[in-house]
Amino acid sequence: MLLLNEIVISIIMNIIIIILLLSGTFFIFSSALGIIRFPDVFTRLHAATKAPTLGIISILLGAFLFLYGSHQLVSGKLLLAILFIMLSSPVAGHMLSRAAHKSYVKPYLRHRDDEYEEYMKKKGTKA
């Protein structure tokens, strides 16, 4: 009975690892497609920061579960990499978009206004 439980747990763990790796690959691939297909800097930055963050975290989490399940090894480096990606990628994307906006790069707008530019005009400072 104990052997059967271990086999079932191993199969479930492998399925979870496969799902994490495939979803991470999907998000990274969709991000690469978005960078190629999106029209301006801001939407490309969105594709370059949001989807790869989730994709890389999924792949690292799959690697962490693989190491824990097959070798009973808890990898602190993988956990630190997940934490670093979660903290740095969105902040870097935000700072790049602010720098692009301050360099007067206009967003691709369809029937919308640039709300940040309007806010900065109201505030009395340059965007």
Side-chain angles (χ1 to χ4, degrees):
M1 186 67 178
L2 184 62
L3 184 64
L4 183 63
N5 287 340
E6 289 177 10
I7 292 172
V8 170
I9 289 173
S10 174
I11 290 172
I12 291 172
M13 186 79 121
N14 284 336
I15 290 172
I16 291 172
I17 290 169
I18 289 169
I19 289 171
L20 283 170
L21 292 177
L22 287 176
S23 66
T25 305
F26 169 75
F27 283 118
I28 290 175
F29 178 73
S30 65
S31 161
L33 226 83
I35 291 171
I36 293 169
R37 300 274 308 178
F38 284 155
D40 70 335
V41 172
F42 300 104
T43 53
R44 286 179 181 167
L45 272 172
H46 182 75
T49 56
K50 304 301 184 246
T53 300
L54 187 58
I56 291 170
I57 288 173
S58 295
I59 289 174
L60 290 176
L61 197 56
F64 177 80
L65 289 177
F66 173 75
L67 287 175
Y68 182 71
S70 63
H71 302 293
Q72 286 73 38
L73 179 69
V74 176
S75 175
K77 290 179 184 178
L78 286 174
L79 294 176
L80 284 175
I82 290 171
L83 181 68
F84 178 73
I85 297 283
M86 283 176 60
L87 292 176
S88 65
S89 183
V91 173
H94 177 73
M95 296 309 293
L96 284 170
S97 66
R98 288 283 302 259
H101 199 277
K102 286 186 178 201
S103 299
Y104 302 107
V105 174
K106 293 292 179 185
Y108 179 77
L109 300 173
R110 252 193 246 173
H111 311 297
R112 288 181 286 172
D113 295 326
D114 188 358
E115 294 176 10
Y116 182 66
E117 187 176 0
E118 291 173 8
Y119 170 76
M120 293 308 278
K121 283 180 184 176
K122 240 193 290 186
K123 191 176 172 185
T125 61
K126 287 193 170 223

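Everything quoted here is computed from the prediction, not taken from an experiment.
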S.K.: If I compare all heavy atoms of H94 with all of S97, which pair ends up nearest, and what's the gap?
M.R.: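 Smallest interatomic distance, heavy atoms only, reads O-OG, 2.8 Å.
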S.K.: Looking only at atom types and distance, does a side-chain atom of S103 sit under 3.5 Å from a main-chain N or O of A99, one as donor and one as acceptor?
M.R.: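 Such a contact is found between S103 side chain and A99 backbone.
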S.K.: Let me confirm one number: the CE-CD distance from M13 to E6, rounded to the nearest 0.5 Å.
M.R.: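 If I round to the nearest 0.5 Å, the distance is 12.5 Å.
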S.K.: Are L79 and L83 close enough, and set up right, to give a side-chain contact (heavy atoms from CB on, under 4.5 Å), and what steps lead you there?
M.R.: CA-CA 6 Å; L79 294 176; L83 181 68; over 6 Å; no
S.K.: Kindly determine whether D40 and T43 satisfy side-chain contact (heavy atoms from CB on, under 4.5 Å), including the steps that lead there.
M.R.: CA-CA 6 Å; D40 70 335; T43 53; 2.6 Å; yes
S.K.: Output the distance between atom CD1 (I56) and atom CG (L61), rounded to the nearest 0.5 Å.
M.R.: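 Here the interatomic distance stands at 13.5 Å.
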S.K.: Could you tell me which non-hydrogen atom of A51 sits nearest to which non-hydrogen atom of S31, and how far apart they are?
M.R.: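 Scanning both residues, the minimum pair turns out to be CB-CB, 3.8 Å.
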S.K.: Report whether F27 and L20 are members of the same hydrophobic cluster (ILVMFWY, side-chain heavy atoms less than 4.5 Å apart, transitive linking).
M.R.: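 No, separate clusters.
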S.K.: Any chain of hydrophobic side-chain contacts (each under 4.5 Å) joining F29 to L45?
M.R.: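 In one cluster: no.
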S.K.: Quick check: is I18 connected to F26 through a chain of hydrophobic side chains (ILVMFWY, heavy atoms under 4.5 Å apart)?
M.R.: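 The answer is no; the residues belong to distinct hydrophobic clusters.
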S.K.: side-chain contact (heavy atoms from CB on, under 4.5 Å) for K50 and L54? Distances and angles first, verdict last.
M.R.: CA-CA 7 Å; K50 304 301 184 246; L54 187 58; over 6 Å; no
S.K.: Test side-chain contact (heavy atoms from CB on, under 4.5 Å) on T49 and L96; report intermediate values, then the result.
M.R.: CA-CA 10 Å; T49 56; L96 284 170; over 6 Å; no
S.K.: Taking I11 as the starting point, is it possible to reach L65 by hopping between hydrophobic residues whose side chains are less than 4.5 Å apart?
M.R.: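 Not linked; separate clusters.
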S.K.: How far does NZ of K77 sit from CZ of F64, to the nearest 0.5 angstrom?
M.R.: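 Those atoms lie 14.0 Å apart.
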S.K.: So how far is it from S70 OG to I17 CD1, rounded to the nearest 0.5 Å?
M.R.: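 CD1 of I17 is found 7.0 Å from OG of S70.
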S.K.: Is a donor on one side and an acceptor on the other found under 3.5 Å between the side chain of S89 and the backbone of M86?
M.R.: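 Between the backbone of M86 and the side chain of S89 there is no qualifying donor-acceptor contact (under 3.5 Å).
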S.K.: Just wondering, are more than 12 heavy atoms of other shown residues or ligands nearer than 6.0 Å to CZ in F42?
M.R.: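 Count over threshold, so yes.
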S.K.: Closest heavy-atom contact between P90 and I85?
M.R.: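 Scanning both residues completely, I find the closest heavy atoms to be CD-O, 3.8 Å.
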S.K.: May I ask whether I59 and V74 are part of the same hydrophobic cluster, defined by side-chain heavy atoms of I, L, V, M, F, W, Y residues being less than 4.5 angstrom apart, directly or through others?
M.R.: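 In one cluster with I59: V74, yes.
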S.K.: Hey, could you give me the CD1/CG distance between I16 and L21, rounded to the nearest 0.5 Å?
M.R.: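 With rounding to 0.5 Å, CD1 (I16) is 12.0 Å from CG (L21).
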S.K.: State the CD1-CG distance between I9 and L4, to the nearest 0.5 angstrom.
M.R.: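 I9 CD1 to L4 CG: 10.0 Å, rounded to 0.5 Å.
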